[in-house]
Amino acid sequence: MAEQNATANSAHSLTIEGNPVRKFLTATEIDTRLLGMVGALLLIWIGFHFLSGGLFITPRNLWNLSVQTASVAVMATGMVLVIVTRNIDLSVGAVLGTLAMLMGVMQAEILPPILGFGHPAIWVLTLAFGLFVGLLIGLLQGTIIAYLRVPAFIVTLGGFLIWRGTAWWITSGRTVAPLDSTFQLMGGGPMGSIGATASWIVAAFACAGVIIYLAYARRQRRRFSFPQRPMWAEGVLAAIGCGVTLAAVAVFNAYPWPVRIAANYAQAQGMEVPEGGLFISHGIAVPVLMAVMVGLIMTFIAMRTRFGRYVFAIGGNPEAAELAGINTRWVTVKVYMLMGALCAIAASISSARLNAATNAMGTLDELYVIAAAVIGGTSLSGGVGTVVGAMIGALVMQSLQSGMVLMGLDSPLQSIVVGIVLVFAVWLDTLYRNRAN
Amino acid sequence: MSQVAVKPLVELEDISIAFGGIKAVDRASIDLYPGEVVGLLGHNGAGKSTLIKILSGAYRRDAGEIRIDGQPATINNPRDAKAYGIETIYQTLAVADNVDAAANLFLGRELTTAIGTLDDVAMEAKAREVMGRLNPNFRRFKEPVKALSGGQRQSVAIARAILFNARILIMDEPTAALGPQETQQVADLIKQLKSEGIGIFLISHDIHDVFDLADRVCVMKNGQVVGTAKTSDVTKDEVLGMIIMGKCPPGAIPGPGAMRV
Ligand SMILES: Nc1ncnc2c1ncn2[C@@H]1O[C@H](COP(=O)(O)OP(=O)(O)O)[C@@H](O)[C@H]1O
Ligand SMILES: [Mg+2]
């Protein structure tokens, strides 16, 4: 919600007119584009639900969907900034591969002999190392793009080959497994989920956050006696924000641990297994929590910091940004560094989920990440895009794939459908933008 | 004008710059005093924009010296120029189309809150104040600048230049996109800023835009200065002769570009 509040058009809130729908949209300042995307997502869900014979909109599938989306969603938040500055990054999948491999070796082969097997610091050190190398890779690629003026397409195309090769070369192609048991929690699964109680607590904090944010924004505008949203519109926004959060948590909590795992757990804890089996909720998966946190932080960076403002100004008019005194090259480098760090987070999620690091990890991810950003409304000509949009875009892509898997479609056919949807979505978006102008 | 005793605010001396062999500006010298309006005239392609872009830090000169308040100045980029109080309204306007008026006004110099985040409300408040003075009908504070008319975009560019207490203001064809009424507003603004002691370079290819506002005119042709004159010492026709033929009249101080006779 924060996203639209900051970008939407409040000059019009003085003159609320037109039909009820328009009135509603103007008063709440909800971005129609985002609304359209959420609508499309729901249509996809409902469509697959019927086509798969009622398998799609179930706690189990939605929970899995959320976990499968996390890695691409995390990278998509960074890709938005890359594309907004009129650049591209074709290397993210390969960088993910290299980082996953490096982190795999770090936690499975280098740290245990030093710290002892299963030492609680292993996962932190590993993640910190991954983030550091991710930043370095971003620094390198960004510097070549911004200061040596080699087109981003070429630099990251080169990176795509280099980092994929590096991923293989680190262990000569050998898969690294198993991973550190704490690190594995970042991949989800029964253990990598926070359970029912903690999930409700997170939901409560999130709801409080929504309400506090709305109240704060309102107070800020009153400070300068700017036009404000009508009170009922604030109420609707709060209800939507809290409603979506609570509904999501309810769904995640409705998905129980598999019977066997629950039984083992009960035995280990010395618990009685009640009649009809034990119901232990998954709750929010750790990778999903990470992706949501990343989304919030990236939205904050994009909307509330100077750096974010410069990213958009550069995308809108690079010359104007330069003339305004912005160090556009350094901003570009920082965007790539951020992208590298996000690749490290995505690499942790992907490898933890598999409980292994393989040299093929992240293959094709660059395409899914770019597609997610573009479906999410990021304009390839630069200057336009939102973090929320890209994350919903990632969810749309993953929904399509999961849905087709549930329907039992062959994987070549899946690729064909995803390709068609991508082109179609961007065509729709072009129509929308032309009309908006 | 009895400005002889006052120190010049800006002195550009023997400035040259070439783009791939073409001398866009060739040994140009020009100065500006506090509270003075200097009209920089010449045909399209004469080198006016290029010369002032060297002063504003957009281009780096190949040769020559810039002095501010009599001291040699180091201007390597737009930030350096702004640090000297030099503000520029570029011919191309140079606004970021995709962000709103307030974001453009404060671009590169955003107001921040105590914790370092953007203070959008404070910026919007200040934007409303400045724009209210410049263009009282302006209402579209939250829309991307793309949605604005040419005149409105122009007022955004002008507002940005006067927002930060400029000492030296460069206006490159500021009225090109404006109607008669808005042009008059800009003329009034120039008079007001001049009375506040700001030095202004007013650039145009059309003598009628500047002759009545300027204290002095400087004419360029093919990258060179034809001559500089107080507007009280020359007629419009004489200035026209400088622009078209490079002929320097007796009331003007000839420059390197003056026609040899
Ligand atoms: N960035 C540039 N690259 C190459 N040539 C340029 C550049 N900027 C200006 N020029 C050339 O310099 C000359 C002067 O241009 P300009 O300063 O824009 O003229 P004016 O503002 O007087 O109309 C022209 O011949 C123009 O083509
Ligand atoms: Mg020009």
Side-chain angles (χ1 to χ4, degrees), chain A residues 4-15 29 84-86 216-228 300-331 379 381-385 433 436-437, chain B residues 53 56-59 77-83 86-90 92-113 115-129 138-147 153 156-157 160-161 164:
Chain A
Q4 307 101 43
N5 290 343
T7 55
N9 179 343
S10 69
H12 278 186
S13 48
L14 283 170
T15 52
E29 302 179 7
V84 162
T85 53
R86 303 189 178 188
Y216 171 77
R218 193 175 174 82
R219 219 192 59 195
Q220 281 289 59
R221 295 195 67 78
R222 199 163 48 216
R223 202 175 106 208
F224 291 96
S225 45
F226 289 166
Q228 301 189 344
F300 178 83
I301 289 176
M303 307 304 303
R304 299 254 53 89
T305 67
R306 284 190 168 177
F307 167 74
R309 176 67 43 90
Y310 296 167
V311 164
F312 281 87
I314 290 171
N317 187 343
E319 198 201 345
E322 185 78 45
L323 291 175
I326 296 171
N327 192 342
T328 55
R329 296 183 187 199
W330 178 229
V331 172
S379 161
S381 48
V384 180
R433 280 185 215 280
N437 286 343
Chain B
K53 277 186 172 176
S56 75
Y59 292 150
N77 56 48
R79 266 159 303 185
D80 293 346
K82 281 170 204 272
I86 301 171
E87 292 291 335
T88 313
I89 298 153
Y90 293 95
T92 52
L93 290 191
V95 290
D97 270 342
N98 57 333
V99 296
D100 62 22
N104 267 293
L105 291 191
F106 287 91
L107 197 54
R109 292 178 283 202
E110 289 75 10
L111 301 181
T112 51
T113 62
I115 54 164
T117 61
L118 294 176
D119 195 344
D120 276 326
V121 244
M123 287 193 271
E124 188 181 333
K126 188 79 182 144
R128 282 174 188 267
E129 183 192 317
F138 192 87
R139 290 275 176 283
R140 305 163 82 179
F141 284 95
K142 281 297 203 168
E143 274 167 272
V145 168
K146 184 165 34 194
R153 290 155 64 96
V156 170
R160 178 168 67 188
F164 291 93

Worksheet item: Which atoms of B/T112 come close to chain A, meaning under 4.5 Å heavy atom to heavy atom: side chain ones, backbone ones, both, or neither?
Response: side chain
Worksheet item: Which atoms form the tightest heavy-atom contact between A/A320 and B/A96, and what is the distance?
Response: CB-N, 4.2 Å
Discussion item. Between B/D120 and A/R221, is the salt bridge (charged side-chain N to carboxylate O under 4.0 Å, His left out) condition met? List the steps.
Written reply: CA-CA 10 Å; B/D120 276 326; A/R221 295 195 67 78; over 6 Å; no
Practice prompt. Can you tell which part of B/A122 gets under 4.5 Å to a heavy atom of chain A, answering side chain, backbone, both or neither?
Written response: both
Worksheet item: Does A/N317 reach the main-chain N or O of B/V95 with its side chain, forming a donor-acceptor pair under 3.5 Å?
Response: yes
Worksheet, complete the sentence: What one should report as the nearest heavy-atom pair of B/K82 and A/G325 is CE-N, 4.3 Å
Practice prompt. Report yes if the side chains of B/V121 and A/R219 come closer than 4.5 Å at any heavy-atom pair, otherwise no.
Written response: no
Response to the item:
d(B/L107 CG, A/F312 CZ) to nearest 0.5 Å is 13.5 Å
Discussion item. Has B/N98 got a side-chain atom pairing as donor or acceptor with A/V384's backbone, closer than 3.5 angstrom?
Written reply: no
Response to the item:
Of all heavy-atom pairs linking A/I326 and B/G108, the shortest is CG1-CA, 4.2 Å
Response to the item:
Interface check, chain B: of A/T305, A/N327, A/L323, most non-hydrogen pairs under 4.5 Å belong to A/L323
Worksheet item: Would A/R306 count as a cation-pi partner of B/F106, with NZ or CZ less than 6.0 Å from the six-membered ring centre and within 45° of the ring normal?
Response: no
Item to complete: Side chain from CB out, backbone as N, CA, C, O: work out which of these in A/Q220 comes under 4.5 Å of a heavy atom of chain B, or both, or neither.
Response: both
Worksheet entry | Donor-acceptor pair, side chain of A/R304 and main chain of B/L118, under 3.5 angstrom | yes
Discussion item. Test side-chain contact (heavy atoms from CB on, under 4.5 Å) on B/R128 and A/F226; report intermediate values, then the result.
Written reply: CA-CA 10 Å; B/R128 282 174 188 267; A/F226 289 166; 3.6 Å; yes
Item to complete: Please name the pair of heavy atoms, one in B/R109 and one in A/Y310, separated by the smallest distance, quoted to 0.1 Å.
Response: N-OH, 4.3 Å
Worksheet entry | A/R223/B/D119 salt bridge by N-O under 4.0 Å criterion | yes
